[in-house]
Protein chains: 2
Amino acid sequence: MTPASENTGLAQLRSACSRCSLARLCLPMGLSESQTCRLDNLVEPSAPLHADDHLFRIDDPFTTIYAVRSGCFKSYVVDGEGREQVLGFHLPGELMGLDAIYTHRHRRNAVALDTGTVCKLPYADLTRLATEMPQLQQQIMRLLSKDISTLENMVADHTADERLAGFLLGLSSRYHHRGFSATRFRLAMPRRDIANYLRLAPETVSRILARFQADGLIAVERRDMELLDTERLRQTAGEAHHLSAPVFD
Amino acid sequence: MTPASENTGLAQLRSACSRCSLARLCLPMGLSESQTCRLDNLVEPSAPLHADDHLFRIDDPFTTIYAVRSGCFKSYVVDGEGREQVLGFHLPGELMGLDAIYTHRHRRNAVALDTGTVCKLPYADLTRLATEMPQLQQQIMRLLSKDISTLENMVADHTADERLAGFLLGLSSRYHHRGFSATRFRLAMPRRDIANYLRLAPETVSRILARFQADGLIAVERRDMELLDTERLRQTAGEAHHLSAPVFD
DNA sequence: CGCTATTTTGAGCCGCGTCAATACGGGTGG
DNA sequence: CCACCCGTATTGACGCGGCTCAAAATAGCG
């Protein structure tokens, strides 16, 4: 192998947002090709992670923002009584760690739900680049602002039916934007995590999924989900259109 | 009056973050004196607003970030069935409108609860200045990130007791940071708004306040609130330390 | 094939919302 | 100064959505 091809190989391995199929969903969204190349130099790809591998834990010093490259991740906190509280599921192209900017320490734990990889973005380098690149600054602020909008959606007091319907529609939309089917997908997370995320009991999730199925809204078999009647599902969700963080629309 | 003194007068009127007692809580936090002066040139003070005056409404084009200078403001959305949903109360030094960055349109309504004033910050100018002033960029991102943390606090499924105790402690902390008493303050908002913000029924708020009073935690008379036992109040709040957006600690 | 984690199903109960009535307070006009 | 009125707040009775506890069914895995 020649040094030249070695370099090319290394550059590809080093990340190449410019060639990443997720670029239009991720941090490079809206950046020009040359701007994306400058971003490439910051990004460091991770070794493959496996289920239960943690990316960071609460109170870890905040140095890095993580972008999901493949797989599905979960972020959560643990309260004083040891109860887990799921705060989000993160699909490829989505960022994790943004809420740590304020405290300089992570405010959540982040863990892989299955095998996956991430891109690491050193925050100091990222902000330095952002001062030189107004579009990147804009993009970071837009992503922060979007997280706020999504959380605002979460705080509304929806019924269990609305929450679950909204969650399924949100997942559907996110998978669709990534080139997967909007109506058939595999749930990366157990019922327990879905229930916890939606602030419901696992039993409630099971019961409602069963009823949705009886009503012909969905066909569900363990982790395999099919949306049969998205229109009625949307009516059921009501205001909770996209109960699934972060939202892409 | 000489032109010089006219200019000085105008500059003071034009805002003077440099002289504002709220500077250490607001956007200028962490900026040097000369940096704050550059911010001064952007800021435009508002005419006094009265109760029920709106700053902006949902779907208004987003051009401006608002900083509360005096008074108390409420932000809320209205859902499809016409029900109001309170998303936050905003005290002096706090910013409103940050969640509109993503969509370029406002996602909430903002209204004065009593007589008050705000500072208007044109967003385009602000981001332009931020590219030249890394500390300002940092500060905006920190404030965005803090809003995320606060909302994360809100989404946890606390009991009604925890929510209300957390809300009172949050208000207490915010008043304290502004130089007011941490134990005696006047509620700027009616019970209905408190209940709505905490996702409770107004009747529930009344009942719990009555019980808190019977238990010696507080003394409350209409809008006048006194915290008698903050320690037990904190125990009651549990994880909901600061159920009041945005948080300052 | 047995072991364990996950999911489903059933029974009972409790926190909080809903509905309704009452009390309070601040403003207005006589 | 008092009578009246209306919005806000309180208090009580009752019902329901979703949680808890318990047990059975199913799937993944060594």
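Note: hydrogens, waters and symmetry copies are ignored here, and every other heavy atom, side chains too, is used.
Which of D:dA9, C:dG17, D:dC19 sits closest to the side chain of B:Leu200 comes down to C:dG17. Side-chain proximity of A:Ala160 to D:dG18, C:dT6, D:dA9: nearest is D:dG18. Closest to the side chain of B:Arg192, out of D:dT8, C:dG17, C:dT18, is D:dT8. Distance from the side chain of A:Ser206 is smallest to C:dT7 among D:dT10, C:dG17, C:dT7. Of the candidates C:dT6, C:dG17, D:dA9, D:dA9 carries the atom nearest the B:Arg222 side chain, counting heavy atoms from C-beta on.
Taking only side-chain nitrogens and oxygens, A:Arg191 comes nearer than 4.0 Å to OP1 or OP2 of C:dT8. Within the structure, every side-chain polar atom (N or O) of A:Arg207 is placed at least 4.0 Å from both OP1 and OP2 of C:dG10. For the OP1/OP2 pair of D:dG28 and a distance below 4.0 Å, the side-chain nitrogens and oxygens of A:Arg223 include no atom meeting the criterion. Here A:Thr204 reaches the OP1 or OP2 of D:dC19: one of its side-chain N or O atoms lies under 4.0 Å away.
Put simply, the side chain of B:Glu203 and the base of C:dC19 share a donor and an acceptor less than 3.5 Å apart.
In this structure, the CG atom of A:Asp52 is 13 Å from the C1' atom of C:dA5, given to the nearest Å. Summarising the geometry, the separation between CZ on B:Phe212 and P on D:dT11 is reported as 15 Å, rounded to the nearest angstrom. Between the CD1 atom of A:Ile208 and the P atom of D:dG17 there is a distance of 11 Å, given to the nearest Å. Per the geometry, CG belonging to A:Asp224 stands 12 Å off P belonging to C:dT7, to the nearest Å. If you take CG of A:Leu164 and C1' of C:dT7, they are 14 Å apart, rounded to a whole angstrom. Counting to the nearest Å, the C1' atom of C:dC16 and the CG atom of B:Leu209 are 15 Å from each other. The CG-C1' distance, from B:Leu198 to C:dG17, rounds to 15 Å in whole Å. Put simply, CZ on B:Arg199 is 14 Å from P on C:dT18, counting in whole angstrom units.
Projected onto DNA chain D by closest heavy-atom contact, B:Ala210 and A:Ala201 fall at different nucleotides, the more 5' of which corresponds to B:Ala210. Two residues, A:Asp157 and A:Pro190, neighbour DNA chain C, and the one matched to the more 5' nucleotide by heavy-atom proximity is A:Pro190.
Taking the six-membered ring where the residue is Trp, A:Tyr197 and A:Phe167 present tilted rings, their angle falling between 30° and 60°.
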The test is salt bridge (charged side-chain N to carboxylate O under 4.0 Å, His left out); show your working for A:Lys146 and B:Asp99 and say whether it passes. CA-CA 7 Å; A:Lys146 190 176 55 175; B:Asp99 54 343; over 6 Å; no
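No side-chain donor from either of B:His177 and B:Arg174 sits under 3.5 Å from a side-chain acceptor of the other. At a cut-off of 3.5 Å, with distance as the only test, a side-chain donor of A:Ser70 or A:Thr117 sits close to an acceptor on the other residue.
B:Arg186 and B:Asp224 are joined by a salt bridge, as a carboxylate oxygen and a charged side-chain nitrogen come within less than 4.0 angstrom of each other.
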